[in-house]
Amino acid sequence: MWLSRSVRVSLLPSIAKFPPFLPMHNSLFCSHSHSQTSLHDDAVSQFNRLLHQRHVPSIFEFGKILGFLVRMKQYSTSISLIKQMELKGILCDLANLNLLMNCFCHLHKLAFAFSVFAKILKRGYHPNAITLNTVMRGLCDNGEVKEALNFHDKVVAKGFRLNQFTYGILINGLSKIGETEAAIELLRTIQSPSTVMYSIIIDSLLKEKQPKEAYGLYSEMVIKGIFPNVVTYSTLIYGFCLVGQVEVAFGFLNEMLSNNIRPNVYTYTILIDSLCKERKLGEAKNVLGVMVKVYVKPNVVSFNALMDGYYLVNKVKNAKQVFSAMTHMRVSPDVRTYTIMINGLIRNKRMDEVINLFQEMHDRNMVQDTVTYNTLVDGLCKTGRISHAWDLFHEMCGRNQQADVITYNSLIDGLCKNQHLDKAIELLRKMRENGIQPDMYTVNILINGMCRGDKLKNAQEIFQDLLNKGHNPDIPTYNVMISGLCKEGLLDEALTLWSKMEDSGCLSNVITFEIIISALFKHGQTEKAEKFFHEMISRDLLK
DNA sequence: ATAGGGTTAG
């Protein structure tokens, strides 16, 4: 079923090349409608007009406006409008109450949602499938998938009718908490499973790096005559790129095209992102050009992916061009756009520009989130500006952006590398106090810090502790430990550990080999070094 | 009911 590589390759360059950032294309994307804010305000004032009419309008009129607001994700507004309705003595119907419950669920106010459910029962309304599905989705979104399943069993026992959506919600809930097996089991109990159900599970399998199983389900749905749609194909393209099988992914792209399923902004953005991660910036830029040409409007995600790609290959100028191009095309940068810019500029040691951008976010009333702060904190640590990083750490806490394991890891690493091992240990303790569990990065940073600080014994203790607790060290853990042993000239011990690593099924990467080879050379063991070098080549680890 | 972008260790 796969089309040849030549088909795949010809697909993109066959489209006429043109500079994707010319202003002539801007007119395609100019917005002629009201902004979202004014639409929201219009809806609210129309609602108020209805509310104050002399003759009470039908409940259906209110419902239309409320439905619109929910589609615009204005949950808080919808809730307050419904409250005003009830205060005026206009009784909500079942649809309004379902909608109200839905709004509370989206705002993660599950207790309020349940009180609405109680109200539905108290008023003698008969909950319909939408009511029950909303309850289950609320539970699932809150991570309470088991409770959703119990709820399902209970209402089924009471004779309520459910629908396809119910099982989509439950399958999605199970998949998103990593219970893909259970999701598949549930799928097996459904007489006529849908495209959506298959798509959800295929997505989970690919994210868990189980491409064979995902492919199996895809074949199964095709055989059963359940047609993959644009989401299914986009999921497959994304997932197969994720597991490194780019050829297969492009096979799916060709297949969707030959099935006359048109790629949408998601599909194109996935392609841009995947090509960028493969460092094929020329092709990625062409995809953006194709999008423009076929009138699929790139959005902020498309531009962010491309920008990040340019920074990945250190093309600062091109990245900045993307930044201004998106503005010209009236696509507003978001927090991630700025974070990508900040991250890229840090990697290119342009700290003054970074500080300016951070200030610009402030000026634009953008809320810097944990990731933005993490990026900057790490950048400051890496350039030795520990005290500035420390200030930002406090600033983020003060602004209610929770420091997470990554924040602490960056700071601990910075402290270790600037001769403050004691302060690093102190911060580790503080991190635990704040309820944040150290992860593999923390362990590796500490082992590395100990080795650098001539505390090989402590590093080995941490490593042994990891083994004692039944954790498997990962490649970077072995790498830092091997590197520490090499640094002390303990080459035999390093090579023993390397053997253990390989025996445990943890296969070396290019960095492992670099550490070992350079240590062997340094100690005049040229022959051994060459042996490792050839091993590395035969494993195809050199790009 | 389903798909896409940003941060940490070697």
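Both backbone and side-chain heavy atoms feed into the values below; hydrogens, waters and symmetry mates do not. Below, chain A is the first sequence line, B the second, and so on; all start at residue 1.
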Side-chain donor/acceptor of [X] to base of [N], under 3.5 Å:
X	N	answer
Thr372(A)	dG6(B)	yes
Asn479(A)	dA9(B)	no
Asn374(A)	dG6(B)	no
Ser199(A)	dT2(B)	yes

**Report entry** With Asn374(A), the side-chain hydrogen bond (donor to acceptor under 3.5 Å, both in side chains) member among Thr407(A), Thr339(A), Asp369(A), Asn343(A)
**Finding:**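 Among Thr407(A), Thr339(A), Asp369(A), Asn343(A), the one meeting side-chain hydrogen bond (donor to acceptor under 3.5 Å, both in side chains) with Asn374(A) is Thr407(A).
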Whether [X] contacts [N] is assessed here as follows: a side-chain N or O lying under 4.0 Å from the phosphate OP1 or OP2. Is that the case?
X	N	value
Asn448(A)	dA9(B)	no
Lys417(A)	dG10(B)	yes
Lys382(A)	dA9(B)	yes

From [options], pick the nucleotide closest to the side chain of [X]?
X	options	value
Asn409(A)	dT2(B), dG6(B), dT8(B)	dT8(B)
Ile406(A)	dG6(B), dT7(B), dG10(B)	dT7(B)
Asn509(A)	dG4(B), dG10(B), dA3(B)	dG10(B)
Ile475(A)	dG4(B), dG10(B), dA9(B)	dG10(B)
Arg336(A)	dA9(B), dG6(B), dT8(B)	dG6(B)

Taking 4.0 angstrom as the limit, do [X] and [Y] come out as a salt bridge?
X	Y	result
Glu426(A)	Lys430(A)	no
Asp454(A)	Lys487(A)	yes
Glu461(A)	Lys455(A)	no

Query - Glu220(A) side chain to Tyr198(A) side chain, donor-acceptor N/O pair below 3.5 angstrom - result: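 Checked: Glu220(A)/Tyr198(A) side chains pair up, N/O donor to acceptor below 3.5 Å.
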Requested in this report: Give me the residues of residues 339-349 of chain A where at least one heavy atom lies under 4.0 Å from an atom of DNA chain B, by number, or none.
Outcome: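 DNA chain B contact set from residues 339-349 of chain A: Thr339(A), Ile340(A), Asn343(A).
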Requested in this report: Mind listing the residues from residues 166-176 of chain A sitting with a heavy atom below 4.0 Å of DNA chain B? Number order is fine.
Outcome: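 Gly168(A), Ile169(A), Asn172(A), Lys176(A), in order of number.
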Requested in this report: Pick out which of Val300(A), Leu306(A), Asn264(A), Val301(A) makes a side-chain contact (heavy atoms from CB on, under 4.5 Å) with Thr269(A).
Outcome: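 The single option meeting the side-chain contact (heavy atoms from CB on, under 4.5 Å) with Thr269(A) is Val301(A).
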**Report entry** Among Asn163(A), Asn98(A), Leu170(A), the one residue meeting side-chain contact (heavy atoms from CB on, under 4.5 Å) with Asn133(A)
**Finding:**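 The option that passes is Asn163(A).
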Counting the atoms with a prime plus P, OP1 and OP2 as sugar-phosphate, which does [X] contact under 4.0 Å by heavy atoms, base, sugar-phosphate, or nothing?
X	result
Phe165(A)	base
Val335(A)	base
Glu514(A)	nothing

Requested in this report: Applying ring pair (Phe, Tyr, Trp, His ring centres under 6.0 Å), run through Phe240(A) and Phe250(A) and close with a yes or a no.
Outcome: CA-CA 9 Å; Phe240(A) 275 95; Phe250(A) 276 90; over 10 Å; no
Requested in this report: Taking His362(A) for its side chain and Phe358(A) for its backbone only, find out whether a donor-acceptor pair lies under 3.5 Å.
Outcome: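 Side chain of His362(A) to backbone of Phe358(A): no pair is present.
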